[in-house]
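Quick note on labels: first sequence line is chain A, next is B, and so on, each numbered from 1. Just so you know, these numbers use all the heavy atoms, side chains as well, and skip hydrogens, waters and symmetry mates.
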Amino acid sequence: MGRRRWNKKHPDKALAQQQPRRPEDAADAPVRLLVLQPNSTVVGIAMGGRATFVDYKSGSQIQVAGPKPASSAADVAGTVAAPCGPHTGTLRVLQFSPDGKFLLTGADDKVVKLWMCVSTAPGGAWHCVAAWRTPKKASAGGFTLSGSHALFADKFGDVLVGSVPAVGGEGTAEATASEPAAQVPSTLLGHFCTIVTGLAPSPCGRFLATSDREYKVRISTLPENPLQGSYEIQGYCLGHQDFVSCIAFAVQPDEQPDEGAAGKVRPSVLLSGSGDGTVRVWDYETCTQLSSYVASAPAAAPAAELEAGAAAEEEGE
Amino acid sequence: MPMSPKRSREDGGKEGKPHQRQKTKEEVVHPRKRFFRARAHSNPLNVADFDVPTRPEEFDWSEHFPEFLKECHDRQLQQQQSREEGFAQSSRLPSPESPAVRFVDIGCGFGGLLVKLATLYPNTLMLGMEIRDKVTAYVRERIASLRREHPGSYRNASVLRTNAMKYLPNYFKKGQLTKMFFLFPDPHFKTANHRRRIINTHLLTEYAHVLAPGGWLYTISDVPELGEWMKVKLDSHPLFERVSEEELAADPAAGLLVQSSEEGQKVARNGGETYRNVYRRLAAPRHLGATATVEAAV
């Protein structure tokens with residue numbers, strides 16, 4: 001009763017609320033993703049609801065087995081001519097595990113899937129080994145450093161965790177038989193009611209950095225067993241004036257993970273790109289800003305967001 | 001007006017007659033609630049139309065506590081001067097750090113708890129946070145008129161209009177607060193809305209971030225199911241531990257929970273029962289049993 005009366009008094013406000021405030025906030029804004037497979041020469045590109053994986057050295061395309069059609073007479077692996085997407089909605093999460101053995105995909109069909117990349121046969125198809133149902137559409141994803149768990153965030157702001165099944169030597173035959181049933185993941189942590197836009201484990205393995213649309217980058221402790229949940233916040237990297245679109249860690253190549261900050265070893269830093277057009281560099285243990293670079297004009301169009309995102313990802317690899 | 005004669009009668013006993021006549025001339029008018037009526041509930045998920053500081057260091061607290069901070073600043077200058085002049089006594093005194101807000105009343109409503117706490121802890125800065133605009137304006141007027149009426153008191157209390165569920169880390173540094181109060185929070189009965197409850201696992205992690213180790217978190221509700229929910233969530237969070245009844249009995253703030261706020265007085269008038277849960281923030285996470293972690297989803 002209350003809402004209808006209010007809308008009658010303020011018809012302009014009702015209209016303005018229905019339309020998104022900015023083009024990139026619209027539900028069907030185009031999403032373009034690009035990933036490199038570690039220890040390999042494969043590039044993954046996702047555009048809207050379709051993903052393509054190309055080996056850039058040989059030029060051959062890797063097939064990713066999509067959802068089987070109702071009449072499942074055809075073979076699953078390698079016979080699909082056109083790149084059919086592994087999901088039915090817009091792809092929003094596309095990440096490889098640190099060792100390159102697994103691929104994590106998440107889309108607007110509220111399912112996050114884990115694919116095993118069979119590295120022996122370069123032309124072989126990748127098949128799904130695990131799936132999780134998310135209550136809302138997934139918005140970001142990643143793996144822990146050891147690749148033991150897959151982390152993915154949804155539009156509620158929750159970061160969920162699923163365990164990656166152990167890879168046997170040749171135990172892939174049974175996995176191709178059927179699509180695994182979607183399980184319910186455990187919750188790791190949550191940003192309150194804001195979309196999580198980026199997710200990255202720290203190089204030392206002790207922390208997880210997550211960014212959201214409320215201008216915040218949060219550093220939380222990542223426990224040994226993420227299924228138990230993360231309850232301690234290391235700090236917040238605050239400074240951005242607009243939504244944070246992406247984060248990545250820049251690892252100094254000569255740093256040993258178990259060495260302290262002794263000597264002249266430069267520590268790893270965290271980079272974040274934002275809709276305010278800046279890319280900022282942070283010391284993630286003390287959550288202090290080290291420097292800031294203007295990458296583009298503040299966000300007025302979706303193009304600005306992607307520029308800042310591409311810059312941060314390049315520096316982070 | 002029924003209020004002003006009562007006030008001058010109270011003050012008349014302390015000061016002499018000429019003073020009393022002076023007081024009645026410039027009577028302190030307290031705000032009337034009826035001019036600040038607002039809906040009881042406000043959606044915490046709405047996009048903010050108020051300003052939020054980017055970082056705690058950038059927020060100017062002197063707007064809220066002008067005399068308090070000015071006094072501390074003067075004391076700091078004095079100490080610095082006397083140290084420069086080489087007085088031996090000043091080196092004994094610890095240099096006073098710029099004071100920070102230590103107590104926060106989340107969802108302070110019409111400010112009942114805040115004004116009682118202000119006189120109970122006159123040297124501690126405390127802040128009320130409220131999301132409704134009109135109610136915040138009422139509390140601001142109330143504190144201003146109390147400061148005029150009792151010069152020297154109520155300088156340590158203030159109110160802020162903000163969404164505490166989203167923006168706490170923007171106002172407070174890590175471990176800054178020593179007490180947090182959640183009096184009669186919105187129960188959000190529908191299961192789909194349970195994630196909006198102000199005590200849930202994810203938000204408790206944020207509260208543990210702004211609370212110093214050893215700090216206390218006070219909650220009270222008149223809804224039995226909500227009281228049980230808050231107890232379960234706090235018990236299953238490894239950074240919080242229940243405070244014993246003996247410690248509660250000795251704590252002056254705990255005694256205020258039931259009757260000090262307007263909501264509490266309404267509950268008492270209707271003869272309702274209240275469920276109090278007070279927990280302490282631990283310095284290191286405690287080990288939970290296996291069953292506790294299963295319940296901790298949201």
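Heavy atoms of B:Glu58 lying under 4.5 Å from chain A are absent altogether. With a threshold of 4.5 angstrom between heavy atoms, A:Ser230 approaches chain B through N, CA, C or O but not through any side-chain atom. Residue A:Glu232 touches chain B through both its backbone and its side chain, counting heavy-atom pairs closer than 4.5 Å.
Contact annotation: the side chain of B:Pro53 never approaches that of A:Leu238 to less than 4.5 Å [non-hydrogen atoms, C-beta and beyond]. For the pair B:His202/A:Thr187, a side-chain contact is recorded, criterion being any heavy-atom separation below 4.5 Å from C-beta on. Between A:Tyr215 and B:Thr54, every side-chain heavy-atom pair lies at or beyond the 4.5 Å cut-off. In this structure, B:Arg55 and A:Tyr236 have side chains that are not in contact, with every pair of non-hydrogen atoms separated by 4.5 Å or more.
Taken from CG in B:Asn163 to CZ in A:Phe192, the straight-line distance is 7.0 Å, to the nearest 0.5 Å.
Looking only at heavy-atom pairs under 4.5 Å with chain A, the residue among B:Lys173, B:Glu206, B:Arg196 that has the most is B:Glu206.
Atom CG of B:Asp51 has 12 or fewer neighbouring heavy atoms from other residues, nucleotides or ligands inside a 6.0 Å radius. In this structure, B:Lys33 places its NZ atom where more than 12 heavy-atom neighbours from other residues, nucleotides or ligands lie under 6.0 Å away.
Across B:Lys166 and A:Cys193, no two heavy atoms sit closer than the pair CE-O, 4.3 Å.
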* Evaluate the side chain to side chain contact (heavy atoms under 4.5 Å, CB included) criterion for residues A:Asp158 and B:Arg195: first the C-alpha distance (whole Å), next the side-chain angles of each, then the deciding distance (0.1 Å), finally the verdict. => CA-CA 11 Å; A:Asp158 292 336; B:Arg195 62 185 309 113; 3.2 Å; yes
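Of the possible donor and acceptor atoms, one in the side chain of B:Lys174 sits under 3.5 Å from a partner among the backbone N and O of A:Gln234.
The side-chain contact (heavy atoms from CB on, under 4.5 Å) test with A:Tyr231 is passed by exactly one of B:Pro238, B:Ser236, B:Pro285: B:Pro238.
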